[in-house]
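Read the structure below first, then the notes.
The model shown is predicted, which means the values in this text are computed figures rather than measured ones. As the structure lists them, so they are numbered: ligands from 1, and atoms in each ligand from 1. Positions are given from 1 along the sequence.
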Amino acid sequence: MVKLTRRQMVRRAAGLLFTLTPISSALAKAAPSAQFIAARIWPAHAYTRVTLESSHGLSYQHFSLDNPRRLVVDIQGANINSVLQSLSKKVLADDPFIRSIRVGQNTATTVRLVIDLKQSVYSQVFTLTPVSSFKHRLVIDLYPQGVDVNDPMMALLNGTLNPEPSKKRPAEPAQPSYTVAENRTNRRPIIMLDPGHGGEDPGAISQNGIREKDIVLSIAREAKKRLEAMGYAVYMTRNEDIFIPLGVRVAKARSRRADVFVSIHADSFTSPTARGTGVYILNPNGASSAAAKFLAQTQNNADAIGGVRTSGNPNVDNVILDMTQTATMRDSRKLGQYVLTELGKLNQLHKGRVDEANFAVLRAPDIPSILVETAFLSNPVEESLLASAAFRQQCAQSISQGIQKYLKTAVLQR
Ligand SMILES: [Zn+2]
């Protein structure tokens with residue numbers, strides 16, 4: 001077995017991701033008369049995303065230049081229009097990465113975007129095919145240089161690190177998890193809260209237009225306040241209206257060495273009668289029921305909207321995962337039970353027990369993780385509950401108390 005350092009593995013994973021960038025498929029789908037219909041910029045602390053929406057698939061090439069630092073994106077088979085010209089005006093003065101954007105018709109059939117940068121960035125450029133209300137999109141993500149967006153363990157889990165059958169790639173050695181011992185660590189437990197959806201992905205939307213992404217952010221912020229008052233170190237995968245890929249959410253929890261990961265959502269179903277609070281843990285063998293399957297699908301669809309390439313690679317070495325996940329699953333279930341019991345004092349439960357589903361966001365092999373479906377936005381009674389600040393605060397209180405009860409009994413790692 002070849003020994004690779006963590007850095008080397010990251011580099012390999014990153015290289016693979018670049019070769020996976022679907023340039024060839026973008027070329028194949030290119031149409032000569034692409035019309036730009038929308039141009040958006042989402043600036044945020046974590047990264048800035050530029051999205052160009054088009055009537056047809058776009059083919060593109062991109063490269064970076066120094067002195068001054070800039071990223072150039074050439075879009076073939078396209079003509080400049082007013083939508084594209086409006087992009088320059090959408091750059092905010094305090095955007096952490098973009099100084100300005102210039103757009104021009106470079107040749108008769110090529111549009112050139114020049115993004116002047118304030119700092120050196122790690123960029124990912126990719127296309128997305130139409131999904132829900134979105135048409136073809138060209139996405140340019142700018143991350144701060146040095147951010148570990150390609151955690152090799154996560155790449156393995158997500159199947160993006162494609163192991164060649166002949167030369168098996170070594171996985172990062174699993175942490176010797178739960179090696180006896182009392183919880184005598186003096187450090188504060190670390191909690192990662194994960195408000196679902198965000199940015200271009202609104203999550204569920206109620207009859208009255210209440211968006212899941214806003215509701216769950218508000219609950220997570222309230223929970224953070226309470227948990228910090230209890231003495232814990234608390235982080236959030238997002239604390240603003242921004243799209244964060246599912247894999248990055250888990251990677252953030254792992255890089256913070258979180259002891260607990262809690263993803264917060266609001267449910268929705270085709271039938272408005274479905275209601276009740278639910279708590280899910282990962283079922284690595286897939287969804288345990290039809291409803292759970294439906295849920296897993298809708299939650300994982302977020303990546304189709306926001307753009308993460310998952311290959312669903314069947315060659316992932318399940319043995320490695322099994323070892324570490326067994327202990328983590330046991331603790332996830334404990335954590336889920338505590339949180340469900342607290343939430344059960346507040347609202348009726350969808351089922352009386354912790355349920356299992358194949359949510360990508362729960363896949364950290366070494367962090368007890370749960371996904372809380374606070375209530376159903378598709379149910380009129382629960383929609384009005386979620387719309388009330390008082391209920392959201394109670395929800396946050398119940399989640400916090402459940403986490404606290406779990407942590408008092410937990411054996412912390414590391
Ligand atoms: Zn959700």
### D267 backbone or side-chain N/O/S under 2.8 Å from the Zn ion (ligand 1)
no
### Message
Among residues at least two apart in sequence or on other chains, which ones pass salt bridge (charged side-chain N to carboxylate O under 4.0 Å, His left out) with E53?
### Response
R40
### Task
Measure the acute angle between the ring planes of Y143 and Y122, then classify it against the limits of 30° and 60° as parallel, tilted or perpendicular.
tilted
### Task
Report the name of the N/O/S atom of H265 located nearest to the Zn ion (ligand 1).
ND1
### Query
Which is the closest N/O/S atom of E212 when seen from the Zn ion (ligand 1)?
OE2
### Query
Should the pair R256 and Y235 be classed as cation-pi, given the thresholds of under 6.0 Å to the six-membered ring centre and 45° from the axis?
yes
### Message
Would you say CD of Q348 has more than 12 non-hydrogen atoms from neighbouring residues, nucleotides or ligands within 6.0 angstrom?
### Response
yes
